[in-house]
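Notes follow the structure.
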Amino acid sequence: MIRLGLCCLFREQPIKFRTTTAAALSRMERSAAVRKLADLCLHNAEALLQALTYCHAHDIGAFRVMSQILPLKTHPQQGYRIEDLPDAQEIVARFQACGELVRSRGLRTSFHPDQFVVLNSPRDSVVAASVAEIEYQAEVAEWIGADVINIHAGGAYGDKAAALARLEASLEMLSPRARSRLTLENDDAIYTPAELAPLCQRTATPLVYDVHHHRCCPDGLTEIEATDLAMATWRREPLFHISSPLEGWQGPKPERHHDFIDLRDFPRCWLAHQLTVDVEAKAKELAVFQLKRELAALAPTTTR
DNA sequence: AGCGGTCAAGTTGAT
DNA sequence: ATCAACTTGACCGCT
């Protein structure tokens, strides 16, 4: 019943996504720059199709798409609209082909905008840039059939209640296609499941439960309680995160991720549910395979 | 061809 | 006040 997900990259499989830098583009004529960007987008769409094909063939049920799938899409100077790139139709067509595969094979895809996306910032410019980034990912999500754009709640700014109120207000700024995909995840330092759950329930925003973060930043809830709380916020298959600490729970930085998942870190209460669990481990597909094997040995019919 | 410094963005907390 | 850590590899300019 557990669908395991791979995050963005491969350790051994030669499937590579490409990107560029704003500095490099700024040294080129705009025509050459957009040509390069278009080539990268075409390449990445093809690579995504390969990634999804690989996942399906190897029984990996979910794939997280890297934020730079369209490189520098919302950069203030080098950003672009897809329709302004050469081969725009071909780029979209290739991503839509990914979407066909996702739907026909029952795969799940998601996005996880990174730490620069902060919807609860007191700075309007930060919120505006964050909304733009989420909207870009929502456009690609629509092409590829991704149902999740997962973000953290943001900073505390010395007043979490006010910060969460700003977050709630910012949700209103999103288009329907972005809003309907947006999810919130508990983080490893600031916002716990207990703090996010009320907002999630009130705003019908699914809560992505990261049990590693919960262990780093606890709130008094047991893992069973947090699991149930998070599950109740989903109107579809829940998406959770798993990872193991690089140097053990007693190490200096338990929030850092290990190459593989220690089976002891996988909450047993998750096994009873139909869930997607993204495997956040540096050995990538190898870690997914290892966890799948170990879960299968534990309970032979409960994984796929 | 190979090497290594650098890469758009925000926030926090260690120094 | 400054800066590394988040996640991480890959780009790109230099030899």
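Lettering follows sequence order; numbering is per chain, from 1.
The side chain of A:Lys16 contributes an N or O atom lying less than 4.0 Å from OP1 or OP2 of C:dA10.
Below 30°, between 30° and 60°, or above 60°: for A:Phe10 and A:Phe63 the angle between ring planes is below 30°, a parallel geometry. Relative ring orientation between A:Tyr209 and A:His214 is described as perpendicular, the plane-to-plane angle rising above 60° on a 0-90° scale split at 30° and 60°.
Atom-to-atom distance recorded for A:Lys282:NZ and A:Ser243:OG is 11.0 Å, nearest 0.5 angstrom.
Rounded to the nearest Å, the gap between the P atom of B:dA9 and that of C:dA4 is 14 Å. Nucleotides B:dG4 and C:dC6 place their C1' atoms 22 Å apart, quoted to the nearest Å. A gap of 15 Å separates the P atoms of B:dT6 and C:dA5, to the nearest Å.
Ion pair A:Arg268/A:Glu223 not flagged as a salt bridge, since none of the NZ, NE, NH1 or NH2 atoms sits closer than 4.0 Å to an Asp/Glu carboxylate oxygen. Salt-bridge annotation for A:Arg11 and A:Asp259: present, with a side-chain N of the basic residue lying under 4.0 Å from a carboxylate O of the acidic one. Salt bridge present: A:Asp87 and A:Arg35 bring a charged side-chain N and a carboxylate O closer than 4.0 Å.
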_Per-nucleotide protein contact string for nucleotides 8-15 of chain B (B base, S sugar-phosphate only, - none; heavy atom under 4.0 Å)_ = BBBSS---

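Distance NZ (A:Lys284) to C1' (C:dT7): 8 Å, rounded to an integer number of Å.
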_Pair assignment for DNA chain C - dot-bracket with | for other-strand partners, Watson-Crick or G-U under 3.5 Å_ = ||||||..|||||||

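Remark: of the listed residues A:Arg103, A:Arg236, A:Arg181, A:Arg236 is the sole one forming a salt bridge (charged side-chain N to carboxylate O under 4.0 Å, His left out) with A:Asp147. Among A:Thr19, A:Val140, A:Leu37, A:Asn44, the one residue that satisfies the side-chain contact (heavy atoms from CB on, under 4.5 Å) test with A:Leu70 is A:Val140.
A search for side-chain contact (heavy atoms from CB on, under 4.5 Å) contacts involving A:Gln290 returns A:Phe260, A:Arg293, A:Glu294, not counting sequence neighbours. By the ring pair (Phe, Tyr, Trp, His ring centres under 6.0 Å) test, A:His152 pairs with A:His112, A:His213, sequence neighbours left out.
Residue pairs meeting the salt bridge (charged side-chain N to carboxylate O under 4.0 Å, His left out) criterion with at least one member in residues 190-206 of chain A, sequence neighbours excluded, are A:Lys160-A:Glu195, A:Glu168-A:Arg202.
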Please tabulate the protein-to-nucleotide N/O contacts below 3.5 Å involving nucleotides 1-4 of chain B, giving atom names and distances.
none

